[in-house]
Amino acid sequence: MQAMKILTPDFFARPTAAVARDLLGKVLVRRGLRARIVETEAYLGARDRASHARFGPRGRSSVMFGQPGRLYVYLVYGMHHCMNVVTEEDGTAGAVLLRAAEGLDGAEPKTLSGPGRLCRGLGVTRRENRLDLTDAGSGLFLADDGFRPARVGVTSRIGVAYAGPWARRRLRFYLPGNPSVSGA
DNA sequence: GCCACGATAGTG
DNA sequence: ACTATCGTGGCG
């Protein structure tokens with residue numbers, strides 16, 4: 001294991017699917033807690049019928065159209081939070097949903113499986129919406145510790161059956177065999 | 001205003 | 001498979 005290098009804006013200012021794939025194995029750092037990302041999903045711009053950005057640069061998803069490397073947090077089903085990382089250049093919509101991670105601080109890896117449980121485990125709520133993940137002083141940032149996935153699994157996204165043809169797009173990325181990857 | 005519906009998770 | 005629970009977006 002080598003030194004942690006914080007991810008900079010240029011990492012996020014790229015096509016969303018590439019960022020989603022490259023976030024696998026990166027480390028979320030939250031108040032000294034560390035968790036390795038094992039599952040992500042890419043949500044594209046206005047034409048992606050599964051993306052909140054389909055409503056345009058208004059309302060809760062306006063952050064998706066802004067600066068790369070910001071956090072987008074929203075509430076689903078009235079009770080669970082979901083955290084996303086904003087991608088693409090400022091002015092272009094895109095975000096990566098973080099769906100699962102494993103905590104690295106205990107003797108055993110702590111499972112944070114599913115977007116709701118990941119947010120719960122890290123204490124992330126809408127208070128953290130729009131937080132700058134590229135600022136180490138933010139209380140939440142992303143780092144590269146040198147980990148490189150041997151393999152990456154790709155499937156369609158979870159829970160977007162309503163999105164017509166976009167439901168079938170292969171925009172979910174995960175580390176095959178990792179026990180913290182969410183089943184459903 | 002009002003209403004339908006989730007980028008989920010826990011229980012039966 | 002059922003449902004808790006509430007913010008958002010669509011519509012009028």
Side-chain angles (χ1 to χ4, degrees), chain A residues 12 14-26 28 30 35-88 92-103 109-131 133 140 142 152-176 178-184:
Chain A
F12 302 103
R14 295 185 294 138
T16 305
V19 177
R21 188 215 164 282
D22 292 347
L23 278 172
L24 293 176
K26 298 299 187 290
L28 270 163
R30 170 74 169 157
R36 189 176 312 284
I37 296 168
V38 301
E39 181 183 352
T40 63
E41 282 177 358
Y43 286 86
L44 312 185
R47 67 186 193 291
D48 179 356
R49 305 323 277 170
S51 173
H52 291 171
R54 69 187 183 276
F55 301 118
R58 303 173 267 105
R60 64 177 172 180
S61 58
S62 59
V63 59
M64 288 182 67
F65 291 76
Q67 290 179 258
R70 311 296 280 226
L71 193 68
Y72 168 41
V73 187
Y74 65 89
L75 189 64
V76 262
Y77 298 104
M79 58 193 92
H80 304 293
H81 292 275
C82 291
M83 59 179 295
N84 303 253
V85 178
V86 175
T87 57
E88 310 275 353
T92 302
V96 174
L97 173 65
L98 305 183
R99 288 193 57 91
E102 59 185 8
K110 183 184 182 186
T111 283
L112 301 168
S113 184
R117 286 185 284 210
L118 175 57
C119 285
R120 177 62 54 193
L122 294 178
V124 171
T125 70
R126 283 180 307 169
R127 285 195 346 178
E128 280 71 41
N129 193 34
R130 297 180 182 270
L131 175 149
L133 295 165
L140 180 60
L142 282 156
V152 171
V154 187
T155 70
S156 54
R157 293 170 292 183
I158 305 292
V160 297
Y162 61 85
W166 286 88
R168 293 190 281 283
R169 293 286 297 270
R170 298 182 23 113
L171 292 170
R172 173 173 173 257
F173 304 87
Y174 63 98
L175 299 184
N178 188 291
S180 296
V181 171
S182 72

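Atom set for the values below is all heavy atoms of this structure, side chains included, hydrogens, waters and symmetry mates excluded. Keep in mind the model is a prediction, meaning the values are calculated, not measured. Just so it is clear: chains get the letters A, B, ... in the order the sequence lines come, proteins before strands, and each one is counted from 1.
- Using a 5.5 Å limit on the distance between ring centres and a 30° limit on the angle between planes, the aromatic ring of A:Phe55 does not count as stacked on the six-membered base ring of C:dG9.
- Look at A:Asp48 and A:Arg169 and you find no salt bridge, because none of the NZ, NE, NH1 or NH2 atoms lies under 4.0 Å from a carboxylate O.
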Protein-nucleotides 3-5 of chain C N/O pairs under 3.5 Å:
| residue | atom | partner | partner atom | Å |
| --- | --- | --- | --- | --- |
| C:dT5 | O2 | A:Tyr77 | O | 2.4 |

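- In this entry the distance linking CD of A:Glu39 with C1' of B:dA7 reads 11 Å, nearest Å.
- Side chain of A:Thr87 to backbone of A:Thr16: no donor-acceptor contact under 3.5 angstrom is found.
- The side chain of A:Ser61 has C:dG9 as its nearest neighbour among B:dT8, C:dT8, C:dG9.
- One can place CZ of A:Arg58 at 12 Å from P of C:dC11, the figure rounded to the nearest angstrom.
- Not a single donor-acceptor pair under 3.5 Å links the side chain of A:Arg126 to the backbone N or O of A:Leu75.
- Contact annotation: A:Arg172 side-chain N/O to B:dA7 OP1/OP2 distance is not under 4.0 Å.
- Using a 4.0 Å heavy-atom distance criterion, A:Arg157 is classed as making no nucleic acid contact.
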5'-to-3' dot-bracket of DNA chain C (Watson-Crick, G-U; under 3.5 angstrom; crossing pairs as [ ]; | other strand)
||||.||||||.
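- If you check C:dG7, B:dG10, B:dA7 against the side chain of A:Arg117, the one that comes closest is B:dG10.
- Considering only heavy atoms from C-beta on, A:Glu41 stays 4.5 Å or farther from A:Leu171 through its side chain.
- A straight line from CD of A:Glu41 to P of B:dG6 spans 16 Å, rounded to a whole angstrom.
- Judged purely by atom type and a 3.5 angstrom limit, A:Arg168 has no side-chain atom pairing as donor or acceptor with the backbone of A:Ser156.
- When the P atom of B:dA9 is taken as reference, atom CG of A:Leu75 falls 12 Å away, rounded to whole Å.
- Here A:His52 does not reach the OP1 or OP2 of C:dT8: none of its side-chain N or O atoms lies under 4.0 Å away.
- Here the side chain of A:Tyr74 is nearest to one of B:dA7, C:dG9, C:dG7, namely B:dA7.
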